[in-house]
Amino acid sequence: MRIDVLTVLPGLFDCFLREGVIGRAVKSGKVNVNVVNIRDYALDKHRVVDDVPYGGGPGMVLKPEPIFRAYDELTKEGEKPLVILTEPWGEVFNQDMALELSKKGRLMIICGRYEGVDERVKSIVDREVSIGDYVLTGGELPAMVIMDAVIRLIPGVLGNRESLSADSFMDRGLLGYPNYTRPSEFRGMRVPDVLLSGHHRRIELWRKEQSLKRTLDRKPELIDKLMREGKLSKEEIEIIKKLKGQKNED
Ligand code: ADE
């Protein structure tokens with residue numbers, strides 16, 4: 001996959017693209033991330049990328065020309081990218097969107113600034129994406145969040161051990177079960193006996209129960225939805241009935 005990132009703060013991406021799983025994916029060529037400084041496409045000698053808003057008001061707005069010039073240059077050849085603009089009031093990013101984007105051959109992420117981007121830029125944008133209902137100073141952190149979630153889904157990016165744990169999170173949106181590692185007792189807190197038992201079927205059942213319990217506690221609407229859509233197994237429905245019974249007794 002190729003990802004072009006258009007930003008006024010390219011330095012912010014250095015560590016992100018060098019370290020950890022993402023750094024490995026870049027080094028191995030599984031993803032080619034091209035960070036482009038919008039300023040390099042400015043028309044004037046001071047390389048100005050923003051200007052005051054027409055109609056007045058506070059803040060500065062990113063000018064259209066440098067962004068269009070960068071877009072034209074980068075899309076002159078090759079596959080046309082799916083273009084994302086980061087926006088606090090865009091469609092809220094989630095795992096389904098990450099999965100969908102991970103299947104594309106090419107993405108372009110335009111990092112907005114919190115004051116805004118000239119509305120005409122949206123004529124080249126396919127999706128306006130927010131990473132949550134809060135306002136950041138710019139689209140660079142959202143671009144990294146989107147890339148992190150997307151790149152880890154590219155086949156071969158995660159090793160076997162990592163991908164196993166990811167699967168449990170992606171199982172119909174159910175929340176993950178609790179995890180423990182050595183030591184088996186720490187400051188008086190013991191790892192549940194079942195995890196030390198070596199009994200695979202019992203461990204699997206315990207994890208399923210814990211995952212359903214967490215989901216029922218924190219996202220009960222998801223359980224109702226899966227139930228309505230017939231996406232729960234008989235065994236899971238039995239576990240949920242039991243958990244609901246226990247809740248009612250409390
Ligand atoms: N720009 C500023 N805040 C943002 C957010 N929450 N998501 C995406 N882009 C943003």
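As the structure lists them, so they are numbered: ligands from 1, and atoms in each ligand from 1.
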S.K.: Is the shortest side-chain N to carboxylate O distance from E100 to K103 below 4.0 Å?
M.R.: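 Salt bridge: no.
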S.K.: So which heavy atom in the protein is nearest atom 7 (N) of ligand 1, and how far is it from that ligand atom?
M.R.: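 Protein heavy atom at minimum distance: I131 N, 3.0 Å.
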S.K.: Check if V129 has a non-hydrogen atom at a distance under 4.0 Å from any atom of ligand 1.
M.R.: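 Per 4.0 Å heavy-atom rule, V129 contacts ligand 1.
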S.K.: Check the surroundings of atom NZ in K234: do more than 12 heavy atoms from other residues, nucleotides or ligands lie under 6.0 Å from it?
M.R.: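 Count not over threshold, so no.
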S.K.: Treating Ile, Leu, Val, Met, Phe, Trp and Tyr as nodes and any side-chain heavy-atom pair under 4.5 angstrom as an edge, say whether L212 and I237 lie in one connected cluster.
M.R.: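 Cluster IDs for L212 and I237 match.
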S.K.: Within the 4.0 Å heavy-atom shell around S130, which atoms of ligand 1 are there?
M.R.: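 Those qualifying, in numeric order: 6 (N), 7 (N), 8 (C).
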S.K.: For ligand 1, find out whether one of its N or O atoms is nearer than 3.5 Å to an N or O atom of L136.
M.R.: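 Between L136 and ligand 1, an N or O pair is found under 3.5 Å apart.
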S.K.: Does any N or O of ligand 1 fall below 3.5 Å from an N or O anywhere on T137, backbone included?
M.R.: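 It does not: no N or O of T137 is found under 3.5 Å from an N or O of ligand 1.
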S.K.: Evaluate the side-chain proximity of I240 to M227: yes if any heavy-atom separation is below 4.5 Å, no if none is.
M.R.: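 In short, these two side chains touch, coming nearer than 4.5 Å.
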S.K.: Does a sphere of radius 6.0 Å around CG in D44 hold more than 12 heavy atoms from other residues, nucleotides or ligands, not counting ones at 6.0 Å or beyond?
M.R.: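 More than 12 within 6.0 Å, yes.
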S.K.: Output the list of atoms in ligand 1 that are nearer than 4.0 Å to some heavy atom of E87, sorted by atom number.
M.R.: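 Going through ligand 1 atom by atom, the ones under 4.0 Å from E87 are 7 (N), 8 (C), 9 (N), 10 (C).
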S.K.: Measuring only between side-chain heavy atoms, which start at C-beta, is R47 closer than 4.5 Å to D40?
M.R.: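 Yes - at least one pair of side-chain heavy atoms lies under 4.5 Å apart.
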S.K.: Please name the residue in the list V125, V121, D72 that meets the side-chain contact (heavy atoms from CB on, under 4.5 Å) test with I67.
M.R.: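 Filter result, single survivor: V121.
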S.K.: Is P88 touching ligand 1 with its side chain, its backbone, both, or neither, if touching means heavy atoms under 4.0 Å apart?
M.R.: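 Under 4.0 Å from ligand 1, P88 contributes backbone and side-chain atoms.
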S.K.: Give a yes/no verdict on whether any heavy atom in G132 is under 4.0 Å from an atom of ligand 1.
M.R.: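 Yes, G132 has heavy atoms under 4.0 Å from ligand 1.
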S.K.: In terms of residue, atom name and distance, what is the protein heavy atom nearest to atom 6 (N) of ligand 1?
M.R.: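 Looking at atom 6 (N) of ligand 1, the protein heavy atom closest to it is Y134 O, 2.8 Å.
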S.K.: Mark up the atoms of ligand 1 that fall under 4.0 Å of a heavy atom belonging to T86, in ascending order.
M.R.: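 Answer for ligand 1: 9 (N).
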S.K.: Before you tell me yes or no, could you show the steps for K242 and E209 under salt bridge (Lys or Arg N to Asp or Glu O under 4.0 Å), namely the whole-Å CA-CA distance, both residues' side-chain angles and the distance that decides it to 0.1 Å?
M.R.: CA-CA 10 Å; K242 193 179 91 185; E209 189 173 310; 3.2 Å; yes
S.K.: Is there a polar contact between ligand 1 and V135, counting only N or O atoms under 3.5 Å apart?
M.R.: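 No, there is no polar N/O contact under 3.5 Å.
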S.K.: I need the contact type for D133 against ligand 1. Using non-hydrogen atoms and a strict under-4.0 Å cut-off, is it side chain, backbone, both or neither?
M.R.: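 Neither part.
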